[in-house]
Number of protein chains: 2
Amino acid sequence: MNNRSQNISQQDDYIDHVKSRGRVHPEQTVLYHQGDGVSGFYRVNSGIVMVYRLLPDSQRQISGFYTQGDFFGLSSSDAHPDTAVTVSTANIVMLTLHDIRQSIALQKTLFDMACSQLDTAQTLITTLTKRSAAEKVATFLVMLSQRQGQQGVSFDIRLPMSRQDIADYLGLSIETVSRMLTKLKDGGVIHLPNRNTIHICDYIRLKIIAREKSVQN
Amino acid sequence: MNNRSQNISQQDDYIDHVKSRGRVHPEQTVLYHQGDGVSGFYRVNSGIVMVYRLLPDSQRQISGFYTQGDFFGLSSSDAHPDTAVTVSTANIVMLTLHDIRQSIALQKTLFDMACSQLDTAQTLITTLTKRSAAEKVATFLVMLSQRQGQQGVSFDIRLPMSRQDIADYLGLSIETVSRMLTKLKDGGVIHLPNRNTIHICDYIRLKIIAREKSVQN
DNA sequence: CGACGCCTTGAATTTAGTCAAAAGTAGTGG
DNA sequence: CCACTACTTTTGACTAAATTCAAGGCGTCG
């Protein structure tokens, strides 16, 4: 799929073209800091990136986890409102404002991504405000399963982030996250072979707990 | 907010052009329904619009309140994930997909708006997960004050939405919203002359309670 | 006036948070 | 390979906060 860099009218061509510029970063690499000037947007080629805000009282709100194909760092303001850091080794491309000006198709993609992230944010808000701690944790695990392309009833998922990261994403305390995982384990829904792996024993039940709309698949 | 979009003269021309097509709707008019096909985006010329999602268990999550100059209905999917309804009499313009194709500047504006709404959503998530009920209600009142262009220490704000609307926006019960308003009243921060008006007696203190970054202004 | 809808208040309950301690996991160096 | 240490996660007991359920008040409009 590698093509000459001249014709960039097709979106996929342009993404492919730019994708090859990706750089690999080890885990815990900061890609940009809260307050840094915005000089472009980012795309995840591989790995996981976490974006968070630090509040004045030194609390931390994790805005999201981004995986292959996701864009992040989208902002219309001059300065990034959040910090982006790799959770695992990750290959990341930066799209400069110059790149974006080059391709109408890329602009369209970015708009679609922004809209899609808006939708995701609203869905998250619903989870955060209308769901119990148990439901939040189950929802998080379902999200991870989907992102890792898992299907079926029983499978392993990787959990590269810490319990504290999960807590800061779901707006719970680390103790509550731990308790809910234990509860799911005691209920036979999951297994916890080690701290960075979760074995889903009963995905159907997990989805019911998470109140997924489509309990199928 | 979206400072990058301010300097594009062409954009304002186009907005002005389209703005004149706005139509006035009485309060409680549904502009689109959850599930309707997306045939364009909307801009508020005047009045207030509320956007919400109905969940399968008939709970309601209010995604946002939109006022003059705000865009809403931004979605990259085929169907609207939410319902938009006027809270007060409102003048609304619909931008068709055809309109948007016409103007590069408008596309840019829409992207900036989407990014700005993403930022707003993340800030809201922080409020919802890290703040107490009292802080949430205070934050809501500060937001209303800012939207209504209020300044100084003491002034009236209109409250066209119901207590239930506020509760569904902040993820609280209606009783808690009521109790927190009472608490603010008892603390001398606000007055409640009638159900649709709040008199802010001490905006400084309100902002402190809301943990506003800039307690100035 | 009376009825309805919306808002407020009160009491009991539930949920998640906090504080404290124990258990488990890496990682290091002898 | 084991012991030591530092860190993360889990568990337990208690506390604080918000929800729920129930009743009462207030306005509005017929």
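Letters A, B, ... are given to chains in the order of the sequence lines, protein chains preceding strands, and every chain is numbered from 1.
- A distance below 6.0 Å separates the ring centres of B:Phe111 and A:Phe41.
- Atom CG of A:Asp186 and atom CZ of A:Arg179 lie 13.0 Å apart (nearest 0.5 Å).
- For the atom pair CD (B:Gln150) and CG (B:Asp156), the distance works out to 8.0 Å, reported to the nearest 0.5 Å.
- A:Ser63 places no side-chain N or O within 3.5 Å of a backbone atom of A:Tyr52 that could act as its donor or acceptor partner.
- A donor-acceptor pair is defined here as one N or O able to donate and one able to accept, closer than 3.5 Å; no such pair exists between the side chain of A:Lys130 and the backbone of B:Leu55.
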In the 5'-to-3' direction, what one-character label does each nucleotide of nucleotides 14-21 of chain C receive under the scheme B = base within less than 4.0 Å of a protein heavy atom, S = sugar-phosphate only, - = no such atom?
--SSBB--

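- Read 5' to 3', the first and last nucleotides of DNA chain D with an atom closer than 4.0 Å to a heavy atom of chain A are D:dT8 to D:dA13.
- The distance from atom CG of A:Asp202 to atom CG of A:Leu184, rounded to the nearest 0.5 Å, is 10.5 Å.
- Atoms CE and CD, on A:Met50 and A:Gln28 in that order, are 6.5 Å from each other to the nearest 0.5 Å.
- Near DNA chain D, defined here as any heavy-atom distance below 4.0 Å, there are no residues from residues 181-190 of chain B.
- Taking the six-membered ring for Trp and thresholds of 30 and 60 degrees, A:Tyr42 and A:His80 have ring planes inclined between 30 and 60 degrees apart.
- Side chains of B:Thr176 and B:Ser173: a donor-acceptor N/O pair is present below 3.5 angstrom, by distance only.
- In this structure, the side chain of B:Arg21 engages the main chain of B:Met94 through a donor-acceptor pair within 3.5 Å.
- Taken to the nearest 0.5 Å, the CD atom of A:Gln164 stands 11.5 Å off from the OG atom of A:Ser178.
- Side chain to side chain, B:Asp82 and B:Tyr32 meet the donor-acceptor criterion of an N or O pair below 3.5 Å.
- A donor-acceptor pair under 3.5 Å is absent between the side-chain atoms of A:Gln148 and the main chain of A:Ser145, judged by distance alone.
- Fit an axis to the five pairs at each end of the helix from C:dC1-D:dG30 to C:dG30-D:dC1 and the two axes sit 30° apart, to the nearest 10 degrees.
- Of all non-hydrogen atoms in A:Gly35 and A:Ala79, the two that sit nearest each other are O-CB, 3.6 Å.
- At a threshold of 4.0 Å, the pair A:Arg131-B:Asp57 counts as salt-bridged, since one of the basic side-chain nitrogens sits closer than that to a carboxylate oxygen.
- When only modelled atom types and interatomic distance are considered, A:Thr89 and A:His25 share no side-chain donor-acceptor pair under 3.5 Å.
- No donor-acceptor distance shorter than 3.5 angstrom exists from the side chain of A:Asp168 to the backbone of A:Asp165, with no hydrogens or angles considered.
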Nucleotides 22-25 of chain C: which of its N/O atoms have a protein N/O under 3.5 Å away?
{"from": "C:dT25", "atom 1": "O4'", "to": "A:Arg195", "atom 2": "NH2", "distance (Å)": "3.0"}

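- Residues from residues 154-161 of chain A with heavy atoms under 4.0 angstrom of DNA chain C: there are none.
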